[in-house]
Amino acid sequence: MTVYLGAAPGVGKTYAMLDEAHRRLSRGTDVVVGLVETHGRAATAALLDGLEVVPRRAVAYRDQQFGELDVDAVLKRAPQVVLVDELAHTNVPGVEHAKRWQDVHDLLDAGIDVVTTVNVQHLESLNDVVESITGVRQRETVPDHVVRDADQVQLVDLSPQALRRRLAHGNVYRAEQIDASLSSYFRVGNLTALRELALLWLADRVDDALTAYRRDHSIDEPWPARERVVVAVTGGPEGETLIRRGARITQRSAGAELLAVHVLPTDGLPGAAPGAIAAQRALVEQLGGAFHTVVGEDVATAVVDFARGVNATMIVVGVSRRSRWREALSESNGVEIARLAENIDVHLMTHEKARAGRGPKRRGSLLSRRRTVGGWLLAVLGTTALTMLLRPVDGRLGLPTELVLFLALTVAVALTGGLWPAVFSAVAGFFALNYFFTDPTGRLTVASPENALALVVFVLVAAAVASVVDLAARRTGQAFRARAEASALAAVSRSVLSGQDSAQALVERLRETFLLESVALLEREPGRGGERGRAAWRALATDGPAPALAPDDAQTVVAIDDTRVLALGGRVLPASDRRVLDAFASQAGAVLEHRRLRQEADRVHALQQADAARSALLGAVSHDLRTPLATIRAAVDGLTSPDVRLDAEDTAALVGALGASTARLERLIDNLLDLSRLQTGSVRPVLRPTSLDEVVPLALEGLDPGHVELDVPEDLPLVSTDPGLLERVVANVVGNAARHAPPGTRVRVAGSATRRSVELRVIDTGAGLSDELKDQMFEPFQRLGDTSPGGLGLGLAVAQGLAEAVGAELAAEDTPGGGLTMVLTVPRAEEGV
């Protein structure tokens, strides 16, 4: 399969496909056209000359005939190559497969080569991205793997300016679609973004192909197809310097890629502060790179393996922070990475903290102060008490039993108070055993070598056991803390994913997690200062009594960015809690940024809607309002001109035109006023029990009785509505249906009751609308191909707005046999009212 990939309609995919067909035909290849959509483009249609075209399969659907790819006919013809346009097309119901790409697979399975086309906006993985760029949801998509599995993918590229010129010259769409297309989907920004998406997607496929080739041919060394710079970060203070240096290196080469990697130890416990890692991750992403975390026993080996896996060309690593005497004992990670990298360049970079000397960090106790004090008391008092208890029975127990008892005491001390009280207990037990229970007693000398060996072994075993017990306690505490931190952050993430992305939810979660009295999210107000020169702060969200309204009033302050901080009150948090606090701060920054971007997107969307409405309104005023005004002016001039003598028939015609144009102008102005009232929220309905058989006839007075069939029973239940507003809804809906009904047919208005509501159905048998157009029909200024005079495309928008105002619902359904049915659902009035 060969796929011609384009960034947008009109770039020339079908043209390129047909051109290739002629080249293959000239070389003697058996080529047929299975299905090609020319879209009325003369240059494309001309290329069909000289090619064999397999007739399309006719499929009947809703009393209409559609032409689809005839797979059976192509299989029977059995050519070498078949052309199938628009791979993402959805087949009409009644065809064996729902999607055209499934038809293509049948041809491929039969041994027939396929040349096809697809636009980047139809790729499933990019569907939501394209919608966010263009504002248009593509309902026809094709799975990415279908295109990725193609033998060849060729990009048909065209600059946005050239494509817009082609569109303006009428080479893409019909004349009536050009202006709307240029001002909406085919804007320069949209086309540039779509073009970038196509190029990036194809570049990723090329990378996949290169990786697969290297894997199939067991090629381990990197191939520098393009620059990939891997920055090894530890979470230390030098990380930002290394990342910025790596970014500058990537900027020197077009298409270069920045990757940062952090290695976690195999025990899964963090080797750096989560806040530092989060800040460096954010910096990498801000610079356009990607941050990766890998697990490995050896840092250098893990970094090099990662670099080889991503086909990197350079590794940036910092000079070790260890002192020279420590480097003399063991190689630094940077030196070991350089030794292992082989064909990958290694940039060993100096920084401010290089060789500053970094001794092993003294681990703070994970035990509470009460347990530590208890451990020391047990070590002192327990040793004394055990000695006093064993003195009277010394001769009957023997030294081995006494050694075991003192060892048990040391283990109990280690479980209670940690390592150092246990070491003290072991040493104290050694002296007690030596002085009171080892011959000769009363002295620190030992008569028997066996007893001396037993005492030494006792100390070593006691110290080892105490160390193991303390390490296990520390690991348990670290595991509990890591689990608690992960649980807290996961709870915050769940709240964001579930839609609770407010700053208030964040501070409430923070206060609950750390048992604080109060939490405040503060933002510095630019350009303002408080009393005594203090910066002015405003609270974005607070929780708890008496929250701090300035950082100076808080016990703990965590910075989110340059202008926002978290102010915590109630107690000073220990340093061990600052790690997860930093992660909370990063999450808070993400929440606030997400909220800002969402508000900005809503504001931009509102501006776009207002701009679209303004443009449509100006276009309407320039035509739909001027037309009846011009007719009225001409009729008045004809009736009042002294130079023109009119007979009775001409006078009646001018008066009729004057009345019709005035009525048309009145309808247009009424719709504009209704729409403005709806948008400003000034519609105030007065709901009361109402009978539909009174409202509906009034709504139909302006319509030709011969075009409407009324079937509203008089015994329908009363509805709760505003009669005047409901009348406007019915008038707009029925008028719209009458305008689109086929000549010689009537619009049927039928009423029926359900248990809770009354339904009014306006049924026409016209052409109907697709599901996509049904979503658009209630938007203002949507004509949906209606070129008849006398409308701004406001009728259904006003009808839906007024229906919602009176508590009713307006929806569109397909009419069985063809056409469109508008269903107006009005709630029933309460009985006895």
Side-chain angles (χ1 to χ4, degrees), residues 265-269 271 297 326 329-330 359-484 574-577:
T266 52
D267 57 12
L269 295 176
E297 295 183 2
R326 289 194 65 205
L329 299 177
S330 63
K361 294 183 180 179
R362 182 178 179 180
R363 299 178 298 178
S365 176
L366 295 176
L367 303 176
S368 66
R369 183 178 181 84
R370 178 180 299 179
R371 288 188 59 181
T372 304
V373 172
W376 282 107
L377 289 176
L378 182 60
V380 175
L381 300 179
T383 303
T384 304
L386 185 58
T387 302
M388 294 177 64
L389 289 174
L390 293 178
R391 284 291 301 277
V393 294
D394 180 28
R396 286 175 287 176
L397 291 179
L399 184 60
T401 302
E402 293 161 345
L403 286 171
V404 172
L405 291 175
F406 273 93
L407 180 60
L409 175 63
T410 301
V411 172
V413 172
L415 290 173
T416 304
L419 176 63
W420 295 112
V423 171
F424 174 82
S425 176
V427 174
F430 168 80
F431 284 107
L433 287 167
N434 189 357
Y435 191 85
F436 293 106
F437 304 106
T438 305
D439 294 330
T441 59
R443 291 183 296 174
L444 293 178
T445 59
V446 181
S448 173
E450 292 83 359
N451 291 339
L453 178 60
L455 290 173
V456 172
V457 171
F458 161 75
V459 173
L460 294 177
V461 171
V465 170
S467 177
V468 171
V469 171
D470 179 73
L471 180 61
R474 289 177 179 276
R475 292 302 188 198
T476 302
Q478 290 172 346
F480 276 116
R481 175 172 293 278
R483 186 173 66 179
S576 57
D577 286 337

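The first residue in the sequence is number 1, and the count goes up from there. For clarity, every value in this text was computed on a predicted model and none was experimentally measured.
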Shortest non-hydrogen separation from Trp420 to Trp376 and the atoms involved: O-CH2, 3.9 Å

Taking it one step at a time, do Thr383 and Phe406 satisfy side chain to side chain contact (heavy atoms under 4.5 Å, CB included)? CA-CA 8 Å; Thr383 303; Phe406 273 93; 4.1 Å; yes

Only residue of Val413, Leu378, Val380, Leu386 satisfying side chain to side chain contact (heavy atoms under 4.5 Å, CB included) with Ser425 is Val413

Is there a side chain to side chain contact (heavy atoms under 4.5 Å, CB included) between Leu390 and Phe436 once you walk through the steps? CA-CA 9 Å; Leu390 293 178; Phe436 293 106; over 6 Å; no

Rounded distance (nearest 0.5 Å) linking atom CD of Glu402 with atom CG of Leu389: 12.0 Å

Which residues pass the side-chain contact (heavy atoms from CB on, under 4.5 Å) test with Thr401, not counting sequence neighbours? Leu397, Leu405

